[in-house]
Amino acid sequence: MAISGRFVLLVLLGVVPVILLPGWGTVLLVSGVLAALAAVDLLAAAPLRTVSLLRTQPGNVTLHAAVDAVLTVRNDGGRRLRGVLRDAWQPSAGAQNAVQDIEVPANESRRVTVRLRPVRRGDLRAPHATLRSFGPLLLAARQRTVPCPGSLRVLPPFHSRRHLPSKLRKLRELDGKAAVQIRGAGTEFDSLRDYVRGDDVRSIDWRATARRSAVVVRTWRPERDRRVVMVLDTSRTSAARIDDETRLDTGMEAALLLGVLAERGGDRVDFLAFDRRTRARAGSSGQGNLLGQLVQAMAPLEAELIEMDWPAVPAQVRAVSAHRSLVVLLTSLDGGAPEEGLLPVAAQLARQHVVVVAAVRDPQLGTMLGERGDATGVFRAAAAERALLQRAAISAELRQHGVSVVDAEPHQLPPRLADMYIRLKAAGTL
């Protein structure tokens, strides 16, 4: 049972006769009238035992996008249902109209649409919905909570998608689809064509020329069908918030852009989220498109407050690909952790694979360097300078082991990592 604001107003009005005619008789009379009105209204309300709810699952939505969750209210009783419905989505689902007035005639159904605009990535749930059935006086209501579980998967937003057209254009130019293929554009043989003035004479195929009695040259293209393995660090360091998102979210953006770009470039892509165990895995060899697999695998990921098990990473990479691959480690270069785990593991992987370490740099460090107006600012600038020097030292040591490093601010990391992939592909080092 529940009471409405009207009943509270009646109670306040009932205080007036009690003040004017004080005594137990007045109190009992007012209380009896109020109780009788509430009881009559409650008995006249439509029973909720005959009301059922059917939920239509909203499916998937990207972060900060809107989606509708639909509930169908079925009234199998003999009275008209007038009341309120509350859909119990968790707060991060961003339900804009979770509480709605409903009116369902006897033996009919009505649909209730709740607008959701989630503010957090992952799996969001609504375990139940609550119904209130008011009587004709709108004083008291029957109340019942009906289990009708619903779920909504919120996918990563993929803001770095805006860089994809320009990177694909570079890849097509590299592949020779937007320009004439020439010797040196790649390391994998593509086809033969007639000689054109200006071609490098070193690209002439003399055997084909002898067979055709015309000068024929070889064309080359970037390597294809290579393996790209992306390892996303989900340990405690990925929980750090940099700029307007966590380090984990920035790593996802970079992995999404690189994964789609590499797939369009004809390479096989594998994604692995790891800390002390595998949290998610996706790849080109699975069913469906790669982008859909990646966002589905990344959606439920959260940073785990544990240390990264770096010695186990080479075994995870071998389980994915036993051949020479491009291994991208999306992790942190903060002082302390890299010296203990990242450096020896990256050096070990670099003996067999092409290794790239991608890390997010806090833009606040650059801001702190320029704020030296007082003693506090000077100390903050010194701390920022020390942090940047440590990152530079770690990057230099990684490069000594043959590891490429991409150290950039959050919004710059995805395109710079994509540029690194294009450079490696153009150089034929994959």
Side-chain angles (χ1 to χ4, degrees), residues 1-8 38-39 41-157 279-280 288 292-293 295-302:
M1 173 184 172
I3 59 174
S4 67
R6 288 190 178 189
F7 186 79
V8 176
D41 201 34
L42 188 64
L43 291 174
L48 294 177
R49 294 190 304 272
T50 58
V51 177
S52 59
L53 297 178
L54 177 63
R55 184 187 295 277
T56 302
Q57 299 296 341
N60 301 331
V61 66
T62 56
L63 185 64
H64 301 305
V67 67
D68 291 333
V70 179
L71 275 171
T72 302
V73 184
R74 174 69 183 178
N75 181 16
D76 293 322
R79 302 179 191 175
R80 177 181 290 267
L81 171 63
R82 296 183 182 88
V84 177
L85 180 142
R86 178 183 180 272
D87 199 0
W89 284 98
Q90 60 190 88
S92 55
Q96 299 176 356
N97 53 343
V99 179
Q100 297 188 35
D101 295 332
I102 58 173
E103 185 170 347
V104 186
N107 298 315
E108 292 189 16
S109 301
R110 292 291 185 270
R111 299 177 67 183
V112 178
T113 302
V114 178
R115 191 74 167 174
L116 304 176
R117 193 177 294 274
V119 295
R120 184 177 67 83
R121 174 183 47 77
D123 291 327
L124 309 180
R125 305 189 185 280
H128 56 260
T130 301
L131 284 167
R132 283 184 180 179
S133 174
F134 285 95
L137 300 178
L138 300 179
L139 297 178
R142 305 171 188 260
Q143 180 169 309
R144 181 188 174 204
T145 298
V146 182
C148 52
S151 63
L152 172 67
R153 171 156 286 191
V154 184
L155 307 176
R279 303 290 175 178
Q293 294 182 56
V295 294
Q296 288 289 343
M298 293 176 181
L301 288 179
E302 297 291 344

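- Every residue meeting the salt bridge (Lys or Arg N to Asp or Glu O under 4.0 Å) condition with R110, not counting sequence neighbours, appears here in chain and number order: E108.
- Annotation: side chain of L139 is in contact with side chain of R6 (closest heavy-atom distance under 4.5 Å).
- For the pair W89 and A126, the tightest heavy-atom approach, listed with the atom from each and the gap, is CD2-CB, 3.4 Å.
- Of all heavy-atom pairs spanning V99 and V84, the tightest one is CG1-CG1, 3.4 Å.
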Stepwise side chain to side chain contact (heavy atoms under 4.5 Å, CB included) check, V61 with L116: CA-CA 10 Å; V61 66; L116 304 176; over 6 Å; no

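- Looking only at side-chain heavy atoms (C-beta outward), S151 and D123 stay at 4.5 Å or farther from each other.
- Of all heavy-atom pairs spanning A280 and A297, the tightest one is CB-O, 3.4 Å.
- R121 places a side-chain N or O within donor-acceptor distance of the main-chain N or O of M298, the cut-off being under 3.5 Å.
- Here the side chain of R153 pairs a donor or acceptor atom with the backbone of Q296 at under 3.5 angstrom.
- Side chains of P149 and R125 form no contact here, defined as non-hydrogen atoms less than 4.5 Å apart.
- With hydrogens and angles ignored, the 3.5 Å screen pairs a side-chain donor or acceptor of D41 with a backbone N or O of L138.
- Judged by distance alone, the side chain of R86 and the main-chain N or O of R132 form no donor-acceptor pair under 3.5 Å.
- Every residue was checked against the salt bridge (Lys or Arg N to Asp or Glu O under 4.0 Å) condition with D101, not counting sequence neighbours, and none meets it.
- Nearest approach of A66 to R117, heavy atoms of both residues: CB-NH2, 3.6 Å.
- Note that the CG atom of L301 and the CZ atom of R279 stand 9.0 Å from one another [nearest 0.5 Å].
- Here side-chain hydrogen bond (donor to acceptor under 3.5 Å, both in side chains) pairs that include residues 68-81, with residues two or more places apart or in two chains, are D68-R115, R74-D76, R74-S109, R80-E103.
- Under the rule for a side-chain contact (heavy atoms from CB on, under 4.5 Å), the partners of A129 that lie at least two apart in sequence or sit in another chain are L53, L71, D87, C148.
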Does the pair L131 and I102 meet the rule for a side chain to side chain contact (heavy atoms under 4.5 Å, CB included), with working shown? CA-CA 9 Å; L131 284 167; I102 58 173; 3.6 Å; yes

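- Side-chain contact between L81 and L48: present, with at least one pair of heavy atoms (C-beta onward) separated by less than 4.5 Å.
- Smallest separation of non-hydrogen atoms from A45 and S133: CB-O, 3.3 Å.
- Listed by chain and number, the residues in a side-chain contact (heavy atoms from CB on, under 4.5 Å) with H128 are A88, T130, T145 (sequence neighbours excluded).
- For the atom pair CD1 (I3) and CG (L42), the distance works out to 11.5 Å, reported to the nearest 0.5 Å.
- R120 pairs by the salt bridge (Lys or Arg N to Asp or Glu O under 4.0 Å) definition with E302, not counting sequence neighbours.
- Each of T56, V114, V112 was checked for a side-chain contact (heavy atoms from CB on, under 4.5 Å) with V70, and the lone residue meeting it is T56.
- Separating the CZ atom in R111 from the CG atom in L54 is a distance of 10.0 Å, to the nearest 0.5 Å.
- For the residue pair L63 and P157, the shortest heavy atom distance occurs at CB-CD, 4.0 Å.
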